Amino acid sequence: MSIQLQQTMQRRRGLFTTDHRTIGIRYLLLSLLAVAIGTVLSLFMRIHIVSPDLKLPLFGQIPPEGYLALVTMHGTLMVFFVLTTAPVNGFASLILPSQIGAQRMAFPLLNAIAFWLTTLSLVVLLGAFFVPGGAPISGWTNYPPLSAITAAGPGQATGMDLWLVSIGIFCFASILSAINMLTTIVSKRCQGMTLLRMPLTVWSWLVTAVLILFAFSILFAAVVLLLSDRHLATGFFVPTGEVINGLLLDRANSHANGSPMLWLHLFWFFGHPEVYIAVLPSMGLTSSLLANFTRRPVFGYRFMVATTLLIGVFGLLVWGHHMFVSGMNPYAGTAFSLMTMAIAIPSSGKVLGWLAMLLRGRDSRVHPMPTPMLFTLGFLSFFIAGGLTGPVLAQPILDAYLHNTYFVVAHFHLIMAMAGAFSLFAAVYYWFPLMTGRLMHETLGKWHFWLSLIGAYATFFPMHFAGLAGQPRHYAQLIGSTSTFLSSLLPLQTGITHSALFLASAQLLFLANLAWSARRGKPAGSNPWRATTLEWASDLTECRVVRGPYEYNFQSNLSDFVMQCAAEPEQE
């Protein structure tokens, strides 16, 4: 065999590898691309709100419908390709097998197929920018009948079709990944790795995989039904008697009298579990990192497992609180309101457990806090700050006023976007040695944390005040508004825009740190964080777990921790 042919085959094996860590890193790079594009789109949105006549790169002067296209694509990229792809597919592929003592995922080829389908989904979605009419304008939720009628506006023809096809592919890929994760956790655990010896990150991925199977299956069905309404003249979501852009919808162009409410139920049955699909892995990581850096066992391990399971169950039962203003039965609204407040109980239990670990911890008081610990505390901060407004929006009478305002934008971005982003940063800084064998630069990491924390609160916390003032969240501009109260909010929105630019600029430090550390970072060694879980074990070929995931030993001056599969305490 020629040398050229051997090199070609090696490149192909590298491109289509089934190695779980390589696939995990590729998922993370895919999410990095998506978050970069989504961030640029969000900055264009913010600039347009305060300077609607400004010509922006690539887009020129943005019309109102162009602003709605930016909203749609920004939300879709961030929710699906960042907050879902990175913590679930990315870090689960990278870390999950090692944490349970397995050599690989249960179905390595399925893992690779899911990655390439996710990549295809992103390509199809971005293709909506380049088709006639551009990207869809009906928001990332794409409520019918606007999303079901091609004549509803620019982007609602081919662009809307590409959005639906992209999300359909993404749903299928996510279902494949969930099946792989569940099978890996159930069947690939090493000897001695009982369920109650699994790290809480694994418990989080287990519950997340179950949520994905339920939620993304329903969303996939909804996408198929909406495509049928658009191209097969069915009437699942299209009501008769409506006039859309001058077109009367009757039985001549719709086979049945459908209901947009059906889409709302199907979409939000996916949409609210999606919040926990994004956040549950962050919760598991927070428990693990707090245990590691405070050098204390997780406070109430079984309790933490139980709250994870309860959040997963309750997360499937509260979708209706997104529909309080849709005309739903008030008794149903009361039921969903009570269930929404109930889900705050296990979430609050987790927060109290984390605070107890911080109060009882030792190591963080003696040594400077490493960057992963700082970002973990940042996650905790945003989770509490964003969670405090959840019970407010759970009240139908209050939600009727706040529902379509910036108050919801503030709540959503604090508890899901910023909390999720800070946990992802914590994961990258913590597990970076497993990807490169090197540590990220601590000083740059700390600057990145503090600038990001300040920028995030300065950007999203003032949005509460815009929402309380009644500013709708999808208005493209304030300048030239006939409404006096909207025009009076321009200084507030200008400050938010400046903060958003500051927050985005702070991420350049992270990118610089990432690039520099991958090549010139300090060598990490085999276990730089003195962690107990198996991803840091030197050899898993004959692994036998003999203890829980967060056991520490304060009797010895040589070591304060023991690996799960180690017979003797590890030496520092």
Side-chain angles (χ1 to χ4, degrees), residues 38-75 78 134-143 146 152-156 245 322 324-326 385-386 388-389 392-393 395 397-415 417-418 454-505:
T39 300
V40 171
L41 297 182
S42 69
L43 294 179
F44 284 172
M45 290 158 50
R46 295 303 319 168
I47 293 171
H48 176 77
I49 289 174
V50 299
S51 300
D53 296 328
L54 185 66
K55 292 184 178 181
L56 299 173
L58 302 178
F59 290 92
Q61 185 173 344
I62 300 178
E65 58 270 21
Y67 174 82
L68 294 177
L70 295 179
V71 171
T72 302
M73 299 297 278
H74 165 75
M78 294 303 199
I137 64 172
S138 43
W140 78 275
T141 58
N142 280 298
Y143 288 169
L146 296 180
Q156 296 306 96
N245 210 8
H322 295 273
F324 286 150
V325 299
S326 66
L388 289 175
T389 56
V392 175
L393 295 171
Q395 310 302 316
I397 193 170
L398 297 177
D399 185 74
Y401 174 76
L402 296 171
H403 179 80
N404 201 41
T405 70
Y406 265 80
F407 193 91
V408 175
V409 179
H411 164 75
F412 177 84
H413 279 83
L414 284 178
I415 199 168
M418 289 299 98
I454 294 169
Y457 273 114
T459 300
F460 298 110
F461 195 80
M463 291 183 182
H464 291 99
F465 302 114
L468 291 172
Q471 182 181 348
R473 51 180 164 166
H474 288 157
Y475 276 29
Q477 63 187 66
L478 300 178
I479 296 176
S481 172
T482 58
S483 173
T484 303
F485 91 91
L486 283 181
S487 299
S488 67
L489 294 174
L490 182 60
L492 177 62
Q493 290 292 350
T494 301
I496 292 173
T497 298
H498 292 160
S499 298
L501 291 168
F502 175 82
L503 175 61
S505 300

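The residues of the chain are indexed from 1 along the displayed sequence. Please read these numbers as outputs of a predicted model, since none were measured by experiment.
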Closest non-hydrogen atom pair, [X] against [Y]:
X: Y457; Y: A385; value: OH-CB, 3.7 Å
X: G38; Y: H74; value: O-ND1, 2.9 Å
X: T39; Y: A504; value: CG2-CB, 4.0 Å
X: F460; Y: L503; value: CE1-CD2, 4.1 Å
X: N142; Y: T72; value: ND2-CG2, 4.4 Å
X: M418; Y: A456; value: SD-CB, 3.5 Å

Check L501, L70, I496 against R46 for a side chain to side chain contact (heavy atoms under 4.5 Å, CB included) and give me the one that passes.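 Option passing the side chain to side chain contact (heavy atoms under 4.5 Å, CB included) with R46: I496.
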How long is the span from the [atom1] atom in [X] to the [atom2] atom in [Y], to the nearest 0.5 Å?
X: H498; Y: T459; atom1: NE2; atom2: OG1; value: 11.5 Å
X: H48; Y: D53; atom1: NE2; atom2: CG; value: 8.5 Å
X: D399; Y: N404; atom1: CG; atom2: CG; value: 10.0 Å
X: L489; Y: I49; atom1: CG; atom2: CD1; value: 11.5 Å
X: L68; Y: M45; atom1: CG; atom2: CE; value: 9.5 Å
X: S138; Y: E65; atom1: OG; atom2: CD; value: 13.5 Å

Beyond-backbone contact of P64 with I137, side-chain heavy atoms, under 4.5 angstrom: no
Validation row: L468, L402 side chains within 4.5 angstrom (heavy atoms): yes
What is the ring orientation for F59 with F44, classed by angle as parallel under 30°, tilted 30 to 60°, or perpendicular over 60°? perpendicular
By side chain to side chain contact (heavy atoms under 4.5 Å, CB included) - contacts of A466 (at least two apart):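 Residues passing side chain to side chain contact (heavy atoms under 4.5 Å, CB included) with A466: Y406, Q471, L492, Q493.
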Pairing residues for I415 by the side chain to side chain contact (heavy atoms under 4.5 Å, CB included) criterion, not counting sequence neighbours: F383, H411
With F412, which residues qualify under ring pair (Phe, Tyr, Trp, His ring centres under 6.0 Å), at least two apart?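 Expected list: none.
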Can you list the residues that meet the side-chain hydrogen bond (donor to acceptor under 3.5 Å, both in side chains) rule with [X], with sequence neighbours excluded?
X: Y143; answer: W268
X: H464; answer: none
X: Y67; answer: none

Report the C-alpha distance between L398 and L393 in whole Å, list the side-chain angles of each, state the deciding distance to 0.1 Å, and finish with yes or no for side chain to side chain contact (heavy atoms under 4.5 Å, CB included). CA-CA 6 Å; L398 297 177; L393 295 171; over 6 Å; no
